[in-house]
Colleague: 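Right, I'll just put the structure down here and ask away after.
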Amino acid sequence: MTDKPILEVRHVSNWYRQGGAFSRKEKKQLLKDVSFTMYEGEILGVVGESGSGKTTLAKAILGMLDDVEGEIIHHSKRPQMVFQDPASSLNPARTVGWILEEPLIIYGKYDRAERKRRVKTVLELVGLGEEFLDRKPSDLSGGQKQRVCIAAALIVRPRMLIADEAVSALDVTIQAQILKLMYELKEQYDLSYLFITHDLNVVYQLCDRCMVLKNGVIVEQNTVDELFRNPQQEYTRQLLEAAE
């Protein structure tokens, strides 16, 4: 981890109108004056209960939401996201090869031969061989699907990944394999991760720092060692006790 920022979030708030943009229902505020800085090479955890605003924060960072106030400054190009459910993240009608090549076609920078080479390379990075190119998601295990999702995120060579509950749908053994893979890729390619999870045990294994989110507000942030050893907020202590 360096002292150079890769992401700066300054006083970000977000509102959601239930029933759609033209609904007469009052807006509900989901994020409330969220500010933090993430550094190059860092794995920054974001924890909190369901409904705390973790996924909303990820979507705001990626520009996927309307009605966002504040400032989000990216110091990297094309940050990518790895979603919670690998099955719903992959097009069931397409092969793995097609899924991985499509972002490169959209990017429009490479010829067909170079796209094919990059697809094979990224498959190898995530521990899958060429035999997976012609398989569809229904032919894959849960762990293999998540490896394909990670490969799809890496294919455009981002410097930052947002992982939103990326291992929560996997059993413990496969979860450990995916976490090991993500750490190895981080070390090999100097990636930065914003790692969103409800599982503090995963945070302890993987992350450098951690932010605790409650009702759209960051109530505490610190290094993982300090947060686990000396939590400052009662809410953080409750999360830690629940993880034991």
Side-chain angles (χ1 to χ4, degrees), residues 43-46 54-55 58-59 61-64 76-199 202 205-207:
I43 304 179
L44 177 59
V46 182
K54 302 187 301 293
T55 296
K59 290 180 177 179
I61 289 169
L62 292 175
M64 298 170 64
S76 68
K77 295 181 179 179
R78 300 187 301 278
Q80 298 294 307
M81 190 161 178
V82 180
F83 294 93
Q84 176 177 358
D85 183 4
S88 63
S89 302
L90 301 172
N91 188 332
R94 298 294 187 176
T95 65
V96 169
W98 187 97
I99 290 168
L100 296 181
E101 188 178 359
E102 183 66 6
L104 298 178
I105 293 173
I106 293 170
Y107 189 41
K109 187 176 179 179
Y110 309 110
D111 62 23
R112 188 172 185 275
E114 177 63 12
R115 293 197 305 267
K116 299 296 184 186
R117 187 192 69 79
R118 285 175 177 262
V119 167
K120 291 179 181 179
T121 298
V122 80
L123 264 184
E124 292 174 2
L125 281 177
V126 299
L128 301 176
E130 290 185 30
E131 66 272 18
F132 286 88
L133 288 170
D134 295 324
R135 296 184 188 179
K136 292 184 177 179
S138 58
D139 301 322
L140 308 179
S141 68
Q144 289 168 343
K145 289 174 186 175
Q146 195 61 295
R147 286 173 185 264
V148 172
C149 289
I150 293 170
L154 291 174
I155 195 77
V156 294
R157 297 185 176 178
R159 292 171 54 215
M160 175 181 165
L161 290 181
I162 298 176
D164 185 7
E165 300 281 7
V167 297
S168 64
L170 306 174
D171 66 45
V172 174
T173 302
I174 303 302
Q175 183 181 103
Q177 293 175 4
I178 296 298
L179 290 174
K180 181 174 182 289
L181 169 66
M182 293 182 73
Y183 187 80
E184 289 172 348
L185 291 170
K186 180 255 184 189
E187 291 292 290
Q188 186 174 356
Y189 290 96
D190 196 26
L191 295 171
S192 305
Y193 291 137
L194 186 68
F195 198 90
I196 296 169
T197 182
H198 66 278
D199 190 339
V202 170
Q205 293 177 55
L206 191 68
C207 298

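The first residue of the sequence shown is numbered 1, and numbering continues consecutively from there.
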Colleague: Using modelled atom types and a 3.5 Å cut-off, is there a donor and acceptor pairing between side-chain atoms of Q175 and backbone atoms of V167?
Modeller: yes
Colleague: Grab the two heavy atoms, one from L161 and one from L191, that are nearest each other, plus how far apart they are.
Modeller: CD1-CD1, 4.4 Å
Colleague: Is it true that K180 and E184 have a side-chain N and a carboxylate O under 4.0 angstrom from each other?
Modeller: yes
Colleague: Quick one, V156 and K77 - any side-chain contact, counting heavy atoms below 4.5 Å?
Modeller: no
Colleague: Got a second to check how far Q205's CD is from D199's CG, nearest 0.5 Å?
Modeller: 8.0 Å
Colleague: My understanding is that only residues two or more places apart in sequence, or in another chain, count here; which of them pass side chain to side chain donor-acceptor pair (under 3.5 Å) with R78?
Modeller: Y107
Colleague: To the nearest 0.5 Å, tell me how far K145 NZ sits from L170 CG.
Modeller: 10.5 Å
Colleague: Atom CD of E165 and atom CZ of F195: how far apart are they, to the nearest 0.5 Å?
Modeller: 8.0 Å
Colleague: What heavy-atom pair brings S89 and C149 nearest, and what distance separates the two atoms?
Modeller: CB-SG, 3.9 Å
Colleague: Kindly determine whether R159 and S192 satisfy side-chain contact (heavy atoms from CB on, under 4.5 Å), including the steps that lead there.
Modeller: CA-CA 6 Å; R159 292 171 54 215; S192 305; 6.0 Å; no
Colleague: To the closest 0.5 Å, what do you measure between CG (L100) and CG (L154)?
Modeller: 10.0 Å
Colleague: Within a radius of less than 6.0 Å around NZ of K59, do more than 12 heavy atoms belonging to other residues, nucleotides or ligands occur?
Modeller: no
Colleague: If you compare all heavy atoms of A153 against all heavy atoms of Q80, which two are closest, and at what distance to 0.1 Å?
Modeller: O-CG, 3.2 Å
Colleague: Could you grab the distance from atom CZ of R118 to atom NZ of K109, nearest 0.5 Å is fine?
Modeller: 7.5 Å
Colleague: What pair of heavy atoms forms the shortest contact from N91 to A93, and how long is it?
Modeller: OD1-N, 2.9 Å
Colleague: Step by step, would you call L179 with V202 a side-chain contact (heavy atoms from CB on, under 4.5 Å)?
Modeller: CA-CA 8 Å; L179 290 174; V202 170; 3.9 Å; yes
Colleague: Would you please test L125 and Q188 for side-chain contact (heavy atoms from CB on, under 4.5 Å) and show each step?
Modeller: CA-CA 10 Å; L125 281 177; Q188 186 174 356; 4.0 Å; yes
Colleague: Would V126 and F132 satisfy side-chain contact (heavy atoms from CB on, under 4.5 Å), going step by step from the backbone distance to the final call?
Modeller: CA-CA 12 Å; V126 299; F132 286 88; over 6 Å; no
Colleague: Among R112, R94, R115, which one satisfies side-chain hydrogen bond (donor to acceptor under 3.5 Å, both in side chains) with E101?
Modeller: R115
Colleague: Side chain to side chain contact (heavy atoms under 4.5 Å, CB included) with K186: which of L181, I43, L206?
Modeller: I43
Colleague: Please check if the side chain of E102 supplies one atom and the backbone of I99 the other of a donor-acceptor pair under 3.5 Å.
Modeller: no
Colleague: Looking at every heavy atom in both I178 and G143, which two are closest together, and how far apart are they?
Modeller: CD1-O, 3.8 Å
Colleague: Could you tell me whether the side chain of Y193 and the main chain of M182 form a donor-acceptor pair under 3.5 Å?
Modeller: yes
Colleague: Measuring from I150:CD1 to L128:CG, what's the distance to the nearest 0.5 Å?
Modeller: 9.5 Å
Colleague: On a heavy-atom basis, which atom in I196 and which in A58 lie closest, and how many Å separate them?
Modeller: CD1-CB, 3.5 Å
Colleague: For T55 and D164, does a side-chain donor sit closer than 3.5 Å to a side-chain acceptor?
Modeller: yes
